[in-house]
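One structure below.
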Amino acid sequence: MRTVVLIVVLVLLGLFAVLNTNALMFPHTLSLGFATYTGVPMGLILLIMATLLALLFYFWAGISGLRAQADSAKLLRDMEALRASLDQQESSRFAQLQTHLDERFRVLGQGSGGSEVAALHARVDALQRDLNVQLAQMDDYLKTKLG
C-alpha cells in the first residue's frame, strides 16, 4: 500500500513538473542568510525537495514496519521458550508425583486392604485425565496464538 501511494505521489509530482515547466524554471533570487543567489529555479528546487521528502518518509515507514515485525517475532520466540520451559518443569513435577505415588501405593499395598488402593487408583486416574485435558487445551491455545 505504501508503494502504491509513493508511486501516485511521484507520478503527480512528475505530471505537475511537466505541465508547469516554465514556472518551475523561472529564475528567482534565493537568500540563505549568509549568501544570496540570483537566477535560481526555485520551483525546481522545491519540486526536488518534495520528491526527496516523499522518498524519505516511504523508507522511514518501511523501517518502522520491519522493526515492529522484528519485535513481534522476538516476543513470539520468547513465548515459545517460556512454554517449553513450563512444559519441562511440569514434566519434572509429574515425575516427582509419579515416584511419590508409586511409593505410596507400595506402602498401601503392603498394609491395608485393596478397596482403599482401588479407590485411590480411581481418583488418581480421574485427576490424570482432567490434567491431560487441561494441558491439551493450554497446548492448543498456545499453538493457535503462536502460529
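Here the structure is a predicted model, which means the values were calculated and not measured.
When atom types are taken as modelled, the side chain of Ser85 and the backbone of Ala81 share no donor-acceptor pair closer than 3.5 angstrom. Between the Asn20 side chain and the Phe16 main chain, a donor and an acceptor come within less than 3.5 Å of each other. In this structure, the side chain of Ser72 does not engage the main chain of Ala68 through any donor-acceptor pair within 3.5 Å.
Distance check, rounded to the nearest 0.5 Å: CZ of Phe94 to CG of Leu101 gives 11.0 Å. Distance check: Leu47 CG to Thr21 OG1 gives 9.5 Å after rounding to the nearest 0.5 Å. For the atom pair CZ of Arg104 and CG of Asp102, the computed distance is 13.0 Å after rounding to the nearest 0.5 Å. Between the CD atom of Gln128 and the CG atom of Leu135 there is a distance of 10.5 Å, given to the nearest 0.5 Å. Rounded to the nearest 0.5 angstrom, Leu56 CG and Thr51 OG1 are separated by 12.5 Å. Between Ile63 atom CD1 and Arg67 atom CZ the span is 7.0 Å, to the nearest 0.5 Å.
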(message) Go through it in stages, so that I can follow the logic: the residues are Lys74 and Asp78, the test is salt bridge (Lys or Arg N to Asp or Glu O under 4.0 Å), and I'd like the CA-CA distance, side-chain angles, deciding distance and then a yes or no.
(response) CA-CA 6 Å; Lys74 182 181 180 291; Asp78 290 347; 3.4 Å; yes
(request) Please lay out, stage by stage, how Asp139 and Lys143 fare under the test salt bridge (Lys or Arg N to Asp or Glu O under 4.0 Å). (result) CA-CA 6 Å; Asp139 190 46; Lys143 283 181 182 176; 3.1 Å; yes
(request) Kindly indicate, with the supporting measurements, whether the criterion side-chain contact (heavy atoms from CB on, under 4.5 Å) is fulfilled by Asp71 and Leu75. (result) CA-CA 6 Å; Asp71 290 343; Leu75 179 64; over 6 Å; no
(request) Could you give me the CA-CA distance, side-chain angles and deciding distance for Arg77 and Glu80, then say whether salt bridge (Lys or Arg N to Asp or Glu O under 4.0 Å) is met? (result) CA-CA 5 Å; Arg77 280 193 308 271; Glu80 180 63 28; over 6 Å; no
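Note on Leu30: it does not cluster hydrophobically with Phe26, by side-chain heavy-atom contacts below 4.5 Å among ILVMFWY residues. By the criterion of side-chain heavy atoms lying less than 4.5 angstrom apart, applied directly or through intervening Ile, Leu, Val, Met, Phe, Trp or Tyr residues, Met25 is not grouped with Ile45; the two fall into different hydrophobic clusters. Under the 4.5 Å side-chain heavy-atom criterion for ILVMFWY residues, no single connected hydrophobic cluster contains both Val40 and Leu44. Under a hydrophobic-cluster definition in which Ile, Leu, Val, Met, Phe, Trp and Tyr are linked whenever side-chain heavy atoms come within less than 4.5 Å, directly or via other members, Leu32 and Met42 are assigned to the same cluster. There is no path of hydrophobic side-chain contacts, each under 4.5 Å, that joins Leu12 to Leu6.
Closest heavy-atom contact between Gly39 and Pro27: CA-CB, 3.6 Å. The minimum heavy-atom distance linking Ala17 with Leu24 is given by the pair CA-CD1, 3.4 Å. For the residue pair Ser31 and Thr36, the shortest heavy atom distance occurs at OG-OG1, 4.0 Å. Heavy atoms only, all atoms of each residue included: Leu76 and Lys145 are closest at CD2-O, 4.1 Å.
None of Asp125, Leu131, Val133 except one satisfies the side chain to side chain contact (heavy atoms under 4.5 Å, CB included) rule with Arg129; the exception is Asp125.
Other residues, nucleotides and ligands contribute more than 12 heavy atoms inside 6.0 Å of the CZ atom of Arg93. The local environment of CZ in Phe57 is sparse, with at most 12 non-hydrogen atoms from other residues, nucleotides or ligands closer than 6.0 Å.
Thr3 and Tyr58 share a donor-acceptor pair across their side chains, judged by distance under 3.5 Å alone.
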